[in-house]
Structure formats: C-alpha cells, structure tokens
Amino acid sequence: MLVLGIETTCDETAAAVVRMGADGRGTILSNIVRTQIEEHAPYGGVVPEIAARAHVEIADRVTAEALRAAGVSAGDLDAVAAAGGPGLVGGVLVGLTTAKAMALVLGKPLVAVNHLEAHALTARLTDDVAFPFLLLLVSGGHTQLLAVKGVGDYAKLGTTIDDAIGEAFDKVAKLLGLPYPGGPEVERRAMTGNPRRFAFPRPLQGRPEPDFSLSGLKTAVRLAAEDLRAASGTLSLQDVADLCASFQAAVADMVADRCKQAIRIFRARYGEPAALVVAGGVGANQTLKAVLQKTADAARLQLVVPPPKLCTDNGAMIAWAGAERLRLGLSDPLDVAPRARWPLDAGAATIGSGRLGAKA
C-alpha cells in the first residue's frame, strides 16, 4: 500500500510517501517539510492568515517534491491522505483541498486524518508498537495522556487545564526576550543554567488525576524575572539560563509525576501497556526524554520516542495514519470538511474544555 500524506495544520507545509508492507510494517520513501519560521519570526508566533497564504504558495511544489523524492508517480498511489484537523482551519483547508483534488483526478481513496491520531500512531511506524499503549502527547497546542487501544479507539486519561506544555515554553521564551521559536531556545539556554537556582512549583504533583497545569508555573517564572530586573535593571545571560533550566526542570518533574499516575490508571483499567509512547514536538526535548526514560524504567515499561524529525509536524505521520485507516477499510467522501477542533477521545467534554467544547 502506497500512500501520500499532506500536512498543513500549522506552520509547516509537509508531504511524504509511505509504503505499508503486507506484514503491516511501514517504510518512509520520502518526507519533505518546509517550515515558515522566517515568515512568523517578526511576530513572535504563528499568524494564521500568513500561515494559510504560505501553504497555498508551496503546497503543490512540496507534494510534487515528495513524489519525486520517493521515486513514484501520482498514478502509483493507492490513496491520498491529508490532515483534516485539528489546527488552523485556513491551513487545514489548503492541504485537504489539495488531497481532494488529487484523489478526484486519480480516482483514489481520500483519507482525512486526525492530526493528533497521526502523532499517536507514529510509534507504530518507527517501532512497530503493539496496541494498547500509553501515549503522552505534548506539543505547542496539546498536552494529553491517552490510552491508545486501537486505530480510532482512544481514551483520554488526563489533559491540561490551561496551557499546553509547548505553549508554556514559547510564552516563557517570550517573556525572557528569547527569539522565536521559543521552545528550542529555552532548551538551548537551559543547557548552561542551574536548574536548582529557582524553586519553581510542580503543579498538581501527587494528585491522583493525571491532569496538567502550566499557568501558575509561568507566573512564577515571570515574577522571578521581574524581581531580578528590579534588583539589577536587567537580566544577565546567566539569569536567563538559570530561569530556563529551573523552568524546564519543573516541567520535567511534573510530567514524570503525571505519567506515573497515568500508568497506574492505565493498568487498572486496561491491563499492561505495550509501551509509554511520547509524541508531538515537545517530545524532541532531551531533558524531558531523559526524565521519562527513568519513569518508564521504574515502571518496567519500554519508552518509545520517535526521532525528532518525526516528533514535529510532518507528512510521513499523516501518510502512515492514512494507511492504518485504509487497511481497516476506512476512507472519507470528497465533501469531508476541515475541522479546527477534533478531539481524539469522542467522549464527554472533560476538564480543560471551553465554551465550544474540547479543544482537541
């Protein structure tokens, strides 16, 4: 099975070709990603209108490049997959419309993939992880702990009640005057910092429900930075490094504690998980990965973290999720609509839901 995947939910325009063999294992034949960092850097964050316009300008070229790099033609494809949400709806519309046009012309099935499901299933592409497994989904827009029982079968165990972890990293970077994108810059500065200089809180630590909270921690960082500025008039490079290291250490401790609670709940409800899987862009953070390795070892679980280029948004994860769904006979009509919100867990709204329902 040969599937093209297109990803345009935020600020990466990506396309990839993935082959699923008869044994169910996947091979990435190409994986092209074009980032929009330069376009958004002057604004310190992603501007939806600029992102959508950039997707329109290069989606066709990126798709053609993915086919060329894979050494296949469009006619060789068995299906075309695209992220149908959740995400910035203008961007989602670009990728989904591109996939619809190709599927219509080629007479091939269309698969509208949940962007979060694509992250969730990446570990099956890279490490052939069996169901069920425990998923920590951490990105700029999402922070969730989920029981992954099968394709399309998810149970949310915990979520953030305010900010996502990646969002908190970006906001801390901004208040410290660090360049965009903030998350990787905080991690880089933390490498030369003292993680014990500031005693930042570990929100919800010890609570039995594996939910997350970042707003109080962000406030603690802001107040510490304000105190330093008031005392000396500015923040030194070492001050910034120590703030970043202390913040990152607090997040890592919180994540480890929340995962311990989720492992306990998973085992009580679903039995033994095949692995603790980390997905999403924040999964590329090496400090977080090291702490999670200790957590997994203590629980006698395998930790699976895809390579950094497959943690961040990419087309290969979309193509693989499309192949997983197509293998089960699942595809979508050409009038399928893009979705700004698309929760993986279709159950009742939980903590963290806003006026319009669960964010993801």
Side-chain angles (χ1 to χ4, degrees), residues 5-16 30-66 69 82-83 85-95 98 115-116 118-119 122 137-143 163-191 218 237 240-241 244 247-248 251 279-289 305-318 340 360:
I6 302 172
E7 157 63 32
T8 57
T9 59
C10 192
D11 60 339
E12 280 94 13
T13 309
S30 66
N31 191 26
I32 308 300
V33 180
R34 294 289 176 262
T35 184
Q36 300 174 9
I37 289 176
E38 289 186 8
E39 287 89 337
H40 300 289
Y43 307 96
V46 178
V47 181
E49 292 81 2
I50 293 175
R53 204 170 297 126
H55 289 311
V56 169
E57 291 173 355
I58 65 171
D60 289 350
R61 295 202 303 272
V62 170
T63 300
E65 187 177 348
L88 302 176
V89 73
V92 175
L93 183 62
V94 174
T98 302
H115 173 87
L116 303 182
H119 275 304
T122 298
L137 179 60
V138 278
S139 67
H142 306 97
T143 297
D163 289 347
I165 290 177
E167 180 183 6
F169 267 84
D170 288 342
K171 289 180 177 177
V172 165
K174 197 165 187 176
L175 71 87
L176 295 179
L178 301 180
Y180 174 85
E185 190 65 23
V186 169
E187 182 181 14
R188 188 178 72 81
R189 299 297 181 99
M191 293 174 67
K218 279 190 319 178
L237 291 177
V240 172
C244 289
F247 165 74
Q248 183 173 259
V251 171
V282 182
N285 183 289
Q286 294 303 301
T287 296
L288 187 63
K289 182 179 178 180
V305 184
K309 66 180 181 180
L310 296 179
C311 283
T312 52
D313 292 351
N314 63 90
M317 70 179 192
I318 302 298

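Only this structure's heavy atoms are used, side chains among them; waters, hydrogens and symmetry mates stay out. Quick caveat, the model's predicted, so the values are computed rather than measured.
Residues that satisfy the side chain to side chain donor-acceptor pair (under 3.5 Å) test with T287, not counting sequence neighbours, are Q248.
Note: N31 CG to N314 CG = 5.0 Å, rounded to the nearest 0.5 Å. In this structure, the separation between CG on D60 and NE2 on H55 is 13.0 Å, given to the nearest 0.5 Å. Note that CD1 of I6 and OG1 of T98 are 5.5 Å apart. Values are rounded to the nearest 0.5 Å. Residue E7 holds its CD atom at 7.5 Å from CD of E12, rounded to the nearest 0.5 Å.
Ring geometry for H115 versus H142: interplanar angle of 30 to 60°, hence tilted.
Heavy atoms only, all atoms of each residue included: A52 and G91 are closest at CB-N, 4.0 Å. Closest heavy-atom contact between A51 and V46: CB-CG1, 4.2 Å. Closest of all the heavy-atom pairs between G182 and A173 is CA-CB, 3.4 Å. Counting all heavy atoms, side chain and backbone alike, I32 lies closest to A69 at CD1-CB, 4.4 Å. Residues C244 and L176 come closest through the heavy atom pair SG-CD1, 3.8 Å. The two residues A66 and S30 come nearest to each other via the heavy atoms O-OG, 2.7 Å.
For the pair T122 (side chain) and M317 (backbone), a donor-acceptor distance under 3.5 Å is absent. Here the side chain of D11 pairs no donor or acceptor atom with the backbone of Q36 at under 3.5 angstrom.
Screening residues 168-190 for salt bridge (charged side-chain N to carboxylate O under 4.0 Å, His left out) gives D163-K171, E167-K171, E185-R188, E185-R189 as the qualifying pairs, with residues at least two apart or on separate chains.
Taking a cutoff of 4.0 Å between a charged side-chain nitrogen and a carboxylate oxygen, R34 and E65 qualify as a salt bridge.
Partner of T9 under the side chain to side chain contact (heavy atoms under 4.5 Å, CB included) criterion, out of L88, V94, D313, V89: D313 alone.
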